[in-house]
Every structure is written in C-alpha cells, then in structure tokens.
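Lettering follows sequence order; numbering is per chain, from 1.
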Protein chains: 4
Amino acid sequence: MVTPRLPTAQRRRQIADAALRLLADAGVAGLTLVELGRAVGLSDASVLRHFKDKPAIVEAAIERFGELLAEDLPTDIADPLRRLGAFFVRRLAKVRAHPELMALAYDRRLRDAAGEAGTARVDAHIGRSARFVGACIDEAREQGAIGADVPTQMWVWIIAGLLRGASFAVPHGLGQDADLMLMSPERCWELVERILRGA
Amino acid sequence: MVTPRLPTAQRRRQIADAALRLLADAGVAGLTLVELGRAVGLSDASVLRHFKDKPAIVEAAIERFGELLAEDLPTDIADPLRRLGAFFVRRLAKVRAHPELMALAYDRRLRDAAGEAGTARVDAHIGRSARFVGACIDEAREQGAIGADVPTQMWVWIIAGLLRGASFAVPHGLGQDADLMLMSPERCWELVERILRGA
Amino acid sequence: MVTPRLPTAQRRRQIADAALRLLADAGVAGLTLVELGRAVGLSDASVLRHFKDKPAIVEAAIERFGELLAEDLPTDIADPLRRLGAFFVRRLAKVRAHPELMALAYDRRLRDAAGEAGTARVDAHIGRSARFVGACIDEAREQGAIGADVPTQMWVWIIAGLLRGASFAVPHGLGQDADLMLMSPERCWELVERILRGA
Amino acid sequence: MVTPRLPTAQRRRQIADAALRLLADAGVAGLTLVELGRAVGLSDASVLRHFKDKPAIVEAAIERFGELLAEDLPTDIADPLRRLGAFFVRRLAKVRAHPELMALAYDRRLRDAAGEAGTARVDAHIGRSARFVGACIDEAREQGAIGADVPTQMWVWIIAGLLRGASFAVPHGLGQDADLMLMSPERCWELVERILRGA
DNA sequence: CATGAATGAGCTTTCATTCAT
DNA sequence: AATGAATGAAAGCTCATTCAT
C-alpha cells in the first residue's frame, strides 16, 4: 500500500483527532496503535514515528480536546448572562452534533487514558469551561441579575448537567421527553436563563 | 502464601465490590485479575474459581452497583417533591461519601467494562434513577407544584448535574465555592426545591 | 451433592475406564481431571484421592486397555488359522461395537497421553496382539497352510489394517462400500482366510 | 536475541511445517506456540504475527499435509494396477523416510488438533488417498484383473494397513521380520499385487 | 516518511495439585 | 472418602515498542 506522505504537523493533528474519536467511540481499551493506524491510514509502527510513544499521543489528544472546548468560550460579550448564553448555545450545539466525543468532557475516561501525568491537564481543560461559567454567574450576580441564595458552584453544575444530558444519544430517562433533543439550543437557553433569574 | 478460606458466596460479593472499586479508582485498564486478586487477597487464578469469567465478574459488579443505586430510591413517600427530596438527600450523601465510586453513575466506564453484553444492564440500572426523578417531577407538575414551561427531562438533567458535581473530590470550577461541599444535603435540597418551584 | 462412597478398588477401575473413554472421545486435550470427575460423579480433587497423580491414572487406563485387548486372544484353539480366525472375529466385533475406543489401538494417542514413562507399556500391550497374529501366521506357514513368499509381518499389517478400517464410523474411502460394515465378522474372516491361503 | 528476518510467506510455510513435525513428534499437547517458536527460532508472540490464531496455524499445517499426501497420487498412468503400484511405492518410501510424520495419516491426532472446524478438511485430505486406491481397485476389477469376491473397501484397508505398518520405527510385531523394512518398496508392491490378483 | 518483522511484558484462562474441613 | 478453596505453572493472545530496510 502506498501511503501518501504527509508533513508531520498535519499527521500529528490527524492522529490526535483520531485518538480522541477512538477514545470516545471505543473507550480506553479500544485506543490501540493498530486501531489508530487504521484510522489515519498508517501502520501501527508508523504512528509512532510522529509521537515518541502512546502517552504522547494521548497528551496531544487532550490538548486537541482542550482547543475544542475553548472554541466555545466567547470573549467579546460584555453582558455576563448574554456571554453565558452564547457559550451555552454553542456548547449545546456541539454536544448534540458529537455526543460521543463531547461525552469525554463529562467523563473520567480521558483521565484514565492520560495516566498519572496527564490528569492535571485534563482537569485544567475541562475545568476551564466550568470556571468560565462560574465567572459569568458571579458577574451576573454582582449586577443583581441573579439572586444570592443559590451558590455559584451549584449553577455551574446545573449547567454542566444540562449540557451533559444532551450527550446521551438516547436520553435514558423518560422516553416521552425525547423531543427535548429537538428544542433549539437558543430556546433551551431561554429556559435556563429564566431559571437562573427566577430563583 | 496461606490465604484464609472463605465460602464462595462471601468471596463473590467481596470480589464484585473490589471490581467496582478498582474500576472507579483505576479505570477499565486497571481492572485486571491480578489487581483484583490483590484487592481481596487471592491469586488471579483463585479469583476465577468464584467466577466463570472476567465478564462474569464485571456483570456481578454491575448488579452490585445497581443495588447501591436502588437503595436511594424511596418508595413509601406519597408527596412527589418530598419523595424526590428524600432521594436527593440520600444520593448526595452517598456521592460525597464515595465520590470516585459514584462517579461511575455519571460515566461511561461501566459500559466500557461491560462490553456488548452488559451495556443494557448498566443503562437500565443508571436509567432507573433518572426515571424515578422524572416520575416525581411529572407527578409534582400534575399537582401544580412545578410550572409547565421547563420540560421534565431538563429537570432530570439538572438534578443529575448537581449530584454528579459532588463526585469531584476537588470541585474543578471555582475554588472559593469549595464550601458548597460543606453544605448539608438537606440544605442543598432546600435550594433545589426552591429552584424547582420557582421556575 | 452426596456422592456414594465406593471402595477404592471399584473407583480405580471406574476412573481408568472413564479415562479411556475420554481419551477416545475427546483426545488428549479432553482428558482433564474435571472431566474425569464428571464422568464418574466425583469432584476433580476426589479423583486424585484414588490415584497419586494424573500420569498414574493414564497408566491404569493403559493397563485396562491392555486387558481389553488381551480378552480377544484365544488360547485354547490348536489350529493356528482357526485360532487367528477366532481372534479376528472377536476383535472385529469389538472394534465395530466401540469404534472410537478401539481406535486407540491403531493410534498414537495413548502414547502421547502416557508420556515418556508409559510409552513402552502401550507398545507392549498393542504389540501383543500383533505378536499373537504373527505367531499364528508362522505356525500356519510351517503347516503349509500359507505360502512362504509373503513375509509374516506383512500379513500382520494387513490384518491390523482390516481391523483398523472398521474403527471409522464413516468409512472415509468409498461410500458405496459402506455395507462392508454390515458384513458379519465371520464372513469377513472367510474372505481374509481365502486371501491368506490363496496368495 | 537478534533473529534473522524472513518474509512472511517463507515464515508461514516454515511454521506450518514445524507444526506438523511437532504434532507428529510430541502430540497435540506438545504443539504449543512457545515450542513452535523455538522450532523456527522466533518468540511465541512473533509466531502469531504470521498467523491470526493457533487454529490458523493448524489449518495451514493441515493443508501442508494435504499437499504432502497429494504428491503421491499419480495421474498419468492409464493402467489401474500400475497406477496403484506407483502410488504404493511412492507412499511407502515416504512413510519409511518420515515415519513419525506420516503416522499422522493413520491417526486421529490431526483431527484432535484441528478441532471442530478443521476435522472435515483432515478427513478430506486423508480420505483422498483412500478414494484413489478404491478407484484403482474398482477399475482393475472391471478389467478382470482382480476377482469380485473381496469388496473394494477391504482392499483399501489392507493397503492402508501395509503402509501404516511401515510408520512404526520399531515394527512392534515380530522382531525376526524387521528386515521387511529393508525390502524395497518395489518388491513390496510385487507381493501386494500378487495378493490382489491371486485372491 | 513508511513499513514489515520481531519482541517482552502483561493479560485471561485452564489445569493439575495441595490442603483443611 | 469426598469436597471446596486456593495456588503455581503454563498456555494463548494482545499490545506498545524497537529496528532494519
């Protein structure tokens, strides 16, 4: 088989992405070099020509995942609740588009794959979204848009819960509410905002 | 090595529990027979004298986890919101007491470990809590205790999100709100109930 | 399960017979202590209370097989061809009645199971029949009943070949001659004797 | 250890041949991957890089054995008895040259090693020689070279018996006839042919 | 840059064997 | 006499990794 040679930079990203997909679809046990090679059209040995070893691949995948998450964080919106809303809408759309992949954000599987070394990086990336949400909430509270009784962390978890919920292909709660999946992200946010303000 | 002998029934439970712990602490890759043996003080071969297979062990662990989750579902409380509150309080306490273990309820790792065969069982066990919550919400709504605008499934995910949040040993959002962990489950529920009613 | 206790002598024979059957039906790999136990209604550990170890069981099985073969050797018939005929008829009937079992006489599986130690015993037992046949032939030849040109050993192998052929449940040569299986041992011997005398 | 590399095609044949030898020499239980590796100068893991499975190795060995047997079947000789004779001479020479190996043709060990799946292949390969012999006999009988009284299948077994006899390194019948081993295959066939015609 | 060949480590599983009850 | 519990050894197999081509 003649495999087109690609510059390392491209290959690295390709491999990191494949690792993420594989981890999401097949779990830690499914992330093997052979499978990784198959995904990018290389042999297992060749995959390792672009990375020192497997942990290095996982590390790259984690960074890739971090970028994916960071994309959703808006920076240019002044109003905290509108900023939070923009994040929520983007993130929800992304979770719906790639439920398996985004489930990694609400899972410990990336940490497992990372081993001792990478755990902190994973937590940092995933925590970044949480900190963003928390900051929006705090700011909104200071402006009086949100009441003081419910602590910020609770709101953070509530929002994470809503986003995570969308990562189930089949919502394993009630069948009759499967149509929640059909509600637009914008409409969802309206409801969430009402909850935030109302409480 | 002289290992104290135990009747199979005891050993089976011991092994199933150890499997759950191991899965929670070390992930799918860390759940090996040798490690399992070490956990219960047996050799790897001896572990398999109590179970036909490794899959059989995972299966037992899943059932054990199902029991653990089922304990939290109250059946004798008529009022739906009080029933939901009782569940919330129990489950939250349990998640705080065993964060790593209970993270399995909000994770895809049990499914990964279960393989093709056991996935349905895992989903059934975990989904049972979700269905319980959904039923309480529906009932409460019929009684007019909860408004009609926010769909049930959303509340289910919100509550799951709050419980899942407690499974992080270090809340990876904001440090200043770590004291949320110190708020009593009962007090947490008060807040949640207020959100439910208020919206 | 309450297993009736049997005196060792009976158990030993029972186990040796089971070992023979197992070896014949399932091959060397199928001869395990657990399977042996199942066959005689004992646990694997209990089987070893009647024999020092597994080689000892195989050894007993070999002796048992030797007895089985020895039964077919007539001692009281003076005329060599009639003596040979009696053997042939008995042996053929036995091979037809227990093809799998008797296949062990034309196979190296017993030797494999016996290991270094038992090989000689196996050869002795199986060779005994061959020597018997050879002796009959030699004697008949001295009496002029058989010609001198075909060496004894050849006749021995011919007869062994005929007996061995009957150990195939399905004669894997020609289908149209399957009815050879239906020809009575006595009639078979008539044909064999004609060949012996005629040549 | 530095092992000289060989292209897979070569290795596969090498391994299949070694499997056959091992099976012949050490029996089903002796056919292990480690032993196989030792025979070809590889580690056990490396052996499996050339075959998917151990069963796949056995399968290849069986095909190899089939080829070995098929070599002996002449196709270009019109006269049936001469054709049979050519086969007999070749096969006898081969059995004498490789008694242990060729014993597999008169044994159930290949079937045991093959397991459920390969049994039919083994029977087909071994049966092919038998069918060949049967066809020669039938044809010769039609031409009147062989009498009608002895059924074909009997002759097939007789010939198989003679060939099988040569697979014993030490003819375990009579010692005084060990010199049968020294008789040339051609001379043996002369005797066999006389028996065939004479009856 | 890419790969085929080879390997060691580690995993699941089977099995003969020991021992306390 | 019988068994349940435990074990070490060895088998088959997977996988990350190395290296020569």
Any chance you could measure [X], atom [atom1], to [Y], atom [atom2], to the nearest 0.5 Å?
| X | Y | atom1 | atom2 | result |
| --- | --- | --- | --- | --- |
| A:Arg64 | A:Arg21 | CZ | CZ | 12.0 Å |
| B:Glu100 | B:Leu23 | CD | CG | 11.0 Å |
| A:Ser46 | A:Leu33 | OG | CG | 11.0 Å |
| D:Lys54 | D:Leu31 | NZ | CG | 4.5 Å |

For A:Val47 and C:Asp53, take the nucleotide of DNA chain E holding the closest heavy atom to each; which residue's nucleotide lies nearer the 5' end?
-> A:Val47
To the nearest Å, give me how far apart [atom1] ([X]) and [atom2] ([N]) are.
| X | N | atom1 | atom2 | result |
| --- | --- | --- | --- | --- |
| C:Leu36 | E:dC15 | CG | P | 13 Å |
| C:Leu33 | F:dG4 | CG | C1' | 16 Å |
| C:Ile15 | F:dA1 | CD1 | C1' | 12 Å |
| A:Leu48 | F:dC19 | CG | P | 13 Å |
| A:Leu42 | E:dT3 | CG | C1' | 10 Å |
| C:Glu35 | E:dA16 | CD | C1' | 15 Å |
| D:Phe51 | F:dC13 | CZ | P | 13 Å |
| B:Arg12 | F:dA5 | CZ | P | 11 Å |

Nearest to side-chain heavy atoms of [X], which nucleotide of [options]:
| X | options | result |
| --- | --- | --- |
| D:His50 | E:dA6, F:dA16, E:dT17 | E:dA6 |
| B:Ser46 | F:dT18, E:dA6, F:dT7 | F:dT7 |
| C:Ala45 | E:dC19, F:dT17, E:dA16 | E:dC19 |
| C:Thr32 | E:dT3, E:dA16, F:dA2 | E:dA16 |
| A:Thr8 | F:dG8, E:dC1, F:dT3 | E:dC1 |
| A:Pro55 | F:dT3, F:dA6, F:dT17 | F:dT17 |
| A:Arg49 | E:dT3, E:dT13, E:dT7 | E:dT3 |

Please work out if [X] contacts a base, only the sugar-phosphate, or nothing of the nucleic acid, heavy-atom cut-off 4.0 Å.
| X | value |
| --- | --- |
| B:Ile57 | nothing |
| C:Leu31 | sugar-phosphate |
| D:Asp44 | base |

Taking atom types as modelled and ignoring hydrogens, do the side chains of C:Glu67 and C:His125 form a donor-acceptor contact shorter than 3.5 angstrom?
-> no
Before accepting this row, confirm whether a basic side-chain N of the pair B:Arg109/A:Asp107 lies closer than 4.0 Å to the acidic partner's carboxylate O.
-> no
D:Leu42 side chain reached by D:His50 side chain, heavy atoms, under 4.5 Å | yes
Compare all side-chain heavy atoms of D:Arg49 with those of D:Arg11 and state whether any distance is below 4.5 angstrom.
-> no
Taking only side-chain nitrogens and oxygens of A:Arg11, does any of them come within less than 4.0 Å of OP1 or OP2 of E:dA2?
-> yes
Of B:Ala9 and D:Ala29, whose nearest nucleotide on DNA chain F comes first from the 5' end?
-> B:Ala9
Extract the stems that DNA chain F is part of, considering only consecutive pairing runs of at least three Watson-Crick or G-U wobble pairs, both distances under 3.5 Å.
-> E:2-21 with F:2-21
